[in-house]
Amino acid sequence: MVKNLLIDFNNLVSRSFFAVNEWDPDTRREYIYQSIFYSLNILIQKFHPCETHIFADSKSWRKSICETYKINRATVFADKPQDKILYDNILRKLSDLFPKIVKNFYQCRDAETDDLISIFIEQHPDDINIIVSTDNDFNQLVNENVQIYNPVSKRTVYMDRVLDENNNILDFRIDSNGKISVSGKGTPINEVDNWPEFALFIKTIRGDTSDNIFSAYPGVRMESKTRPCILNAFKARKVKDYDWINFMQQKWTDHEGQERLVEDCYNMNDRLINLRNIDPVYKAQFIEYMNNHKQNEDSKRNRMMILNRFVILENLSRMEEEINNYDSTLIA
């Protein structure tokens with residue numbers, strides 16, 4: 001069976017960027033680059049995939065239906081304009097470099113990484129697909145053939161278990177925010193028939209502050225015997241009985257005094273969060289891109305020369321000393 005390693009490129013760059021706190025600008029820049037390449041090397045050595053696939057963001061189609069989508073991301077560098085310049089510069093250079101040195105690099109107009117990975121998994125349902133990211137949005141894609149490896153917590157999420165870096169099985173629950181919990185808090189996965197769908201439902205109701213997506217039902221409880229609650233609504237989602245209807249027909253008033261219907265807010269959030277609910281026009285565009293995507297067929301020698309030239313031009317002395325380490329992994 002084919003094993004694919006699916007790398008969230010922007011997540012990788014962001015992790016390395018914010019993990020390096022060296023004050024000297026040149027040294028920091030070098031450490032960031034080194035961290036990115038070293039992390040990729042370690043991942044490939046850890047999983048020994050048949051193929052490594054790297055996916056990068058473009059400006060999201062979701063902004064066409066929600067102008068405020070991810071608008072809060074602009075504040076990350078609000079007090080550090082030099083960091084913004086450095087981050088954008090590194091991201092731009094690597095986005096130009098990677099299609100030339102790796103076999104499989106994907107970046108499609110209007111698509112986020114999540115969109116492309118979701119479609120890749122749809123197109124390779126019988127392969128083992130290992131997603132590498134700290135982004136909780138990917139939890140909804142987990143199934144018998146899809147795993148998620150979190151390189152920060154060093155945990156691997158499977159459909160039926162979560163393992164730590166020593167392959168110990170951890171207590172596995174879904175927290176009230178839709179994230180995976182190993183702390184003993186949350187809803188045990190055996191209480192629901194499909195935990196990835198349950199995690200998605202919670203997030204669609206709760207919203208996502210990191211993406212500036214507001215709650216569809218502010219203040220709603222996870223469980224309740226007397227009031228509409230998330231767990232009962234989820235369990236009623238297929239038959240659409242009283243618990244579902246009562247939940248979705250609740251109304252609340254936003255900060256501008258406008259009355260909101262939970263069902264309307266839920267449907268909008270589902271369009272923004274559900275990776276199986278990509279707008280049909282854009283999804284057709286992304287599928288066409290994936291179908292027409294061709295593997296980089298440049299020789300291994302040429303790709304290694306391009307990487308070596310980049311390392312020299314960027315004055316990455318530490319990487320230059322270890323350049324041969326990438327010959328059998330990233331450049332393979």
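Computed from a prediction, not measured in an experiment: that's the story for all the values here.
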Please answer whether the main-chain N or O of R237 pairs with a side-chain N or O of K240 as donor and acceptor at a distance below 3.5 Å.
-> yes

Just jot down the salt bridge (Lys or Arg N to Asp or Glu O under 4.0 Å) partners of R28, sequence neighbours excluded, or say none.
-> D83

Got a donor-acceptor contact below 3.5 angstrom from the N292 side chain to the E288 backbone?
-> yes

Under 3.5 Å donor-acceptor, S299 side chain and N302 backbone | yes

Do any N or O atoms from the side chain of N150 and from the backbone of K154 form a donor-acceptor pair under 3.5 angstrom?
-> no

Side-chain donor-acceptor distances from residues 245-252 under 3.5 Å, at least two apart:
| unit_1 | atom_1 | unit_2 | atom_2 | d |
| --- | --- | --- | --- | --- |
| N246 | OD1 | Q250 | NE2 | 3.1 |
| N246 | ND2 | Y242 | OH | 3.4 |
| Q249 | NE2 | E263 | OE1 | 2.9 |
| Q250 | NE2 | N246 | O | 3.0 |
| W252 | NE1 | A216 | O | 2.9 |

Is a side-chain donor or acceptor of D211 paired with a backbone partner of I213 at a separation under 3.5 angstrom?
-> no

Compare every heavy atom of N41 with every heavy atom of N325, then report the nearest pair and how far apart it is.
-> O-ND2, 3.3 Å

Salt-bridge criterion met for K203 and D208 (N-O under 4.0 Å) = yes

Specify the closest pair of heavy atoms between K300 and I331, including all atoms of both residues, with the distance to one decimal.
-> CG-O, 3.5 Å

Output for pair (I7 CD1, N104 CG), nearest 0.5 Å, gives 11.5 Å

Answer yes or no: is there a side-chain heavy-atom contact under 4.5 Å between R15 and V152?
-> yes

Closest non-hydrogen contact found for D243 with N232 is CB-O, 3.9 Å

Side-chain donor-acceptor contacts of residues 113-126 below 3.5 Å, not counting sequence neighbours, with atom names and distances?
| unit_1 | atom_1 | unit_2 | atom_2 | d |
| --- | --- | --- | --- | --- |
| T113 | OG1 | F55 | O | 3.3 |
| T113 | OG1 | D57 | N | 3.3 |
| T113 | OG1 | D57 | OD1 | 3.0 |
| D115 | OD1 | R62 | NH1 | 3.2 |
| D115 | OD1 | R62 | NH2 | 2.7 |
| D115 | OD2 | W61 | NE1 | 3.3 |
| D115 | OD2 | R62 | NH1 | 3.0 |
| D115 | OD2 | E112 | N | 3.0 |
| S118 | OG | L275 | O | 3.3 |
| E122 | OE1 | K283 | NZ | 3.4 |
| E122 | OE2 | K283 | NZ | 3.0 |
| Q123 | NE2 | N291 | OD1 | 3.0 |
| H124 | ND1 | F120 | O | 2.8 |

Evaluate the side chain to side chain contact (heavy atoms under 4.5 Å, CB included) criterion for residues T156 and V162: first the C-alpha distance (whole Å), next the side-chain angles of each, then the deciding distance (0.1 Å), finally the verdict.
-> CA-CA 6 Å; T156 306; V162 173; over 6 Å; no

Do R92 and D96 meet the salt-bridge criterion of a basic N to acidic O distance under 4.0 Å?
-> no

Count the heavy atoms belonging to other residues, nucleotides or ligands that lie under 6.0 Å from CG of D79, then report whether that count exceeds 12.
-> no

Nearest 0.5 Å please: distance from the NZ atom of K179 over to the CG atom of N139.
-> 10.0 Å

Within the 6.0 Å centroid threshold, strictly below: F17 and Y33 = no

Any sub-3.5 Å donor-acceptor pair from D279's side-chain atoms to V281's backbone N or O?
-> yes

Side-chain donor/acceptor of N72 to backbone N/O of T209, under 3.5 Å = yes

Atom CZ of R73 with >12 non-hydrogen neighbours under 6.0 angstrom | yes

Non-hydrogen atoms of R303 and N296 that approach each other most closely = CD-ND2, 3.4 Å

Candidates I71, L272, N269 - the one meeting side chain to side chain contact (heavy atoms under 4.5 Å, CB included) with C66 = L272

What are the two closest heavy atoms between N212 and K70, and how far apart are they?
-> CB-N, 3.9 Å

Does the ring centre of F9 sit less than 6.0 Å away from the ring centre of F105?
-> yes

So does Y38 have more than 12 non-hydrogen atoms from other groups sitting under 6.0 Å from OH?
-> no

Heavy-atom neighbours of K235 NZ exceed 12 at 6.0 Å = yes

Describe, in one word, how the ring planes of F310 and F37 are oriented to each other, choosing from parallel (under 30°), tilted (30 to 60°) and perpendicular (over 60°).
-> tilted

If you look at every heavy atom in A199 and G178, which pair is closest and at what distance?
-> CB-O, 3.4 Å

Does the side chain of N129 come under 3.5 Å of the side chain of N4 through a donor N or O and an acceptor N or O?
-> yes

Residue pair N267 / R271, side-chain donor-acceptor N/O under 3.5 Å = no

Tell me, yes or no, whether the heavy-atom count around I42 atom CD1, taken from other residues, nucleotides or ligands under 6.0 Å, exceeds 12.
-> yes

Could you give me the CA-CA distance, side-chain angles and deciding distance for I101 and L330, then say whether side chain to side chain contact (heavy atoms under 4.5 Å, CB included) is met?
-> CA-CA 8 Å; I101 65 170; L330 189 62; 4.2 Å; yes

Could you walk me through whether F172 and W195 pass the ring-ring contact (aromatic ring centres under 6.0 Å, His included) check?
-> CA-CA 10 Å; F172 184 7; W195 75 258; 5.1 Å; yes

With ring centroids as reference points, do Y149 and F47 lie under 6.0 angstrom apart?
-> yes

Under the salt bridge (charged side-chain N to carboxylate O under 4.0 Å, His left out) criterion, do E30 and R318 qualify, and how do the steps go?
-> CA-CA 8 Å; E30 184 174 1; R318 292 175 179 82; 3.2 Å; yes

In this structure, OG1 of T27 is separated from CD of Q34 (nearest 0.5 Å) by 11.0 Å

For the pair D175 (side chain) and N177 (backbone), establish whether a donor and an acceptor sit closer than 3.5 Å, ignoring hydrogens and angles.
-> no

CA sep, side-chain torsions, deciding dist, call: D164, R155, salt bridge (charged side-chain N to carboxylate O under 4.0 Å, His left out) | CA-CA 5 Å; D164 67 12; R155 295 174 186 143; over 6 Å; no

To the nearest 0.5 Å, what is the distance between CG (N315) and CD (E320)?
-> 8.0 Å

Go through the steps for F18 and F77 under the test ring-ring contact (aromatic ring centres under 6.0 Å, His included), then give the verdict.
-> CA-CA 11 Å; F18 291 107; F77 296 106; 5.8 Å; yes

Modelled atom types, side-chain donor and acceptor of D110 and S58, under 3.5 Å = no

Would a distance-only check, ignoring hydrogens and angles, find a side-chain to backbone donor-acceptor pair under 3.5 Å from R29 to E314?
-> yes

May I ask you to check whether over 12 heavy atoms, not counting those of K63, lie within 6.0 Å of atom NZ?
-> yes

Does the side chain to side chain contact (heavy atoms under 4.5 Å, CB included) test come out yes or no for I128 and Q147, once each step is laid out?
-> CA-CA 8 Å; I128 297 298; Q147 310 160 18; 3.7 Å; yes

Could you please spell out the steps behind the side chain to side chain contact (heavy atoms under 4.5 Å, CB included) verdict for L97 and I306?
-> CA-CA 8 Å; L97 172 69; I306 292 170; 3.9 Å; yes

Do the side chain of E67 and the main chain of S64 share a donor and acceptor less than 3.5 angstrom apart?
-> no

